[in-house]
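Beneath this line is the structure, given in structure tokens, with notes to follow.
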Amino acid sequence: MAKSYWLMKSEPDAYPWEQLVREGTGIWDGVRNHTAKLNLKAMQVGDEALFYHSNIGKECVGIMRVTETSFPDPTADEGSPWVVVRVEPVRALNHPVTLAAIKDDPKLADMELIRQSRLSVGRVTPEEWKHILKKSETAER
DNA sequence: GCCAACGTTGGC
DNA sequence: GCCAACGTTGGC
């Protein structure tokens with residue numbers, strides 16, 4: 001199966017990129033939204049995801065890789081439908097790609113991130129992925 | 001099954 | 001601090 005791309009949000013107050021890097025691996029817990037849950041369930045080992053800092057920063061800061069497909073969220077009640085995936089950091093982006101930069105870019109302005117701003121785990125198309133990575137090579141601010 | 005009220009998330 | 005978007009809950 002072809003690799004899929006994702007974008008996962010975290011408030012840096014709660015779980016910043018730096019913590020994932022420091023710990024080397026982590027589970028993406030706390031998702032309590034059914035659309036996001038379906039996305040987690042669709043993830044395959046080897047899929048890659050952008051780490052987005054919401055609220056503070058409002059920018060994509062790094063790339064991570066899925067290392068384990070979804071399993072029940074240990075922070076949720078027994079029998080609840082919520083799941084997590086395991087991820088590991090791949091690398092930080094050379095330059096963060098800000099929400100403002102994404103909104104300003106016609107190629108990216110239609111991303112799920114923009115259309116459904118509250119969705120914490122969203123799909124990214126291969127085209128959007130490539131474009132964001134290219135953007136991250138050069139400073140925008 | 002509809003819809004108003006309310007809570008949460010996240011941008012501004 | 002405010003507001004828009006969206007999900008959930010509860011009355012009917």
Side-chain angles (χ1 to χ4, degrees), chain A residues 2-141:
Chain A
K3 189 197 284 184
S4 297
Y5 299 102
W6 310 91
L7 182 145
M8 298 160 90
K9 290 186 191 177
S10 179
E11 295 193 30
D13 274 353
Y15 188 68
W17 165 253
E18 290 75 19
Q19 186 177 344
L20 178 62
V21 170
R22 194 181 333 123
E23 294 172 356
T25 179
I27 59 166
W28 206 266
D29 63 17
V31 170
R32 296 293 182 271
N33 169 284
H34 290 285
T35 307
K37 178 200 70 179
L38 288 176
N39 285 331
L40 288 175
K41 286 191 159 190
M43 290 184 190
Q44 298 294 320
V45 170
D47 281 2
E48 293 189 304
L50 288 163
F51 195 119
Y52 175 84
H53 276 167
S54 63
N55 259 316
I56 303 165
K58 285 170 288 186
E59 56 194 12
C60 304
V61 292
I63 298 171
M64 51 196 169
R65 182 189 298 119
V66 176
T67 59
E68 190 177 345
T69 52
S70 63
F71 56 95
D73 187 338
T75 70
D77 293 338
E78 187 85 13
S80 75
W82 308 117
V83 298
V84 299
V85 294
R86 180 166 290 282
V87 293
E88 67 181 12
V90 175
R91 66 177 176 89
L93 297 179
N94 288 351
H95 301 281
V97 177
T98 65
L99 181 65
I102 289 172
K103 278 187 161 176
D104 278 349
D105 192 322
K107 287 206 185 76
L108 299 174
D110 198 36
M111 281 181 67
E112 206 165 28
L113 172 72
I114 311 296
R115 294 204 324 270
Q116 207 177 333
S117 66
R118 282 183 52 198
L119 185 61
S120 60
V121 180
R123 215 176 249 283
V124 176
T125 70
E127 291 75 26
E128 290 162 351
W129 180 269
K130 240 187 290 180
H131 199 65
I132 287 177
L133 289 207
K134 204 169 127 200
K135 255 181 148 44
S136 73
E137 298 304 315
T138 52
E140 288 261 354
R141 292 183 292 177

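Throughout, a chain's letter reflects where its sequence line sits, starting with A, and its residues are numbered from 1. Fair warning: this is a prediction, and the values are worked out from it, not measured in the lab.
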Query raised in the report: If you take all heavy atoms of Tyr15(A) and Gly26(A), which pair is closest and at what distance?
Result: OH-CA, 3.8 Å
**Report entry** Carboxylate-amine/guanidinium proximity below 4.0 Å for Lys3(A) and Glu48(A)
**Finding:** yes
Query raised in the report: Do the non-hydrogen side-chain atoms of Leu50(A) and Trp129(A) ever get within less than 4.5 Å of each other?
Result: yes
Check: residues 66-74 of chain A side-chain donor-acceptor pairs under 3.5 Å, at least two apart:
{"unit_1": "Thr67(A)", "atom_1": "OG1", "unit_2": "Arg86(A)", "atom_2": "O", "d": "3.4"}
{"unit_1": "Glu68(A)", "atom_1": "OE1", "unit_2": "Arg86(A)", "atom_2": "NE", "d": "3.4"}
{"unit_1": "Asp73(A)", "atom_1": "OD1", "unit_2": "Thr75(A)", "atom_2": "N", "d": "2.7"}
{"unit_1": "Asp73(A)", "atom_1": "OD1", "unit_2": "Thr75(A)", "atom_2": "OG1", "d": "2.7"}
{"unit_1": "Asp73(A)", "atom_1": "OD2", "unit_2": "Gly30(A)", "atom_2": "N", "d": "3.0"}
{"unit_1": "Asp73(A)", "atom_1": "OD2", "unit_2": "Arg32(A)", "atom_2": "NH1", "d": "2.9"}
{"unit_1": "Asp73(A)", "atom_1": "OD2", "unit_2": "Thr75(A)", "atom_2": "OG1", "d": "3.3"}

Query raised in the report: Taking any atom under 4.0 angstrom from a heavy atom of chain A, which nucleotides of DNA chain C are the first and last to qualify, 5' to 3'?
Result: dA5(C) to dT8(C)
Query raised in the report: Under 4.0 angstrom, heavy atoms only, what part of the nucleic acid is Leu119(A) near: base, sugar-phosphate, or nothing?
Result: nothing
Requested in this report: Step through it carefully: locate the ring centre of Trp6(A), locate the ring centre of Tyr52(A), and say whether they are under 6.0 Å apart.
Outcome: no
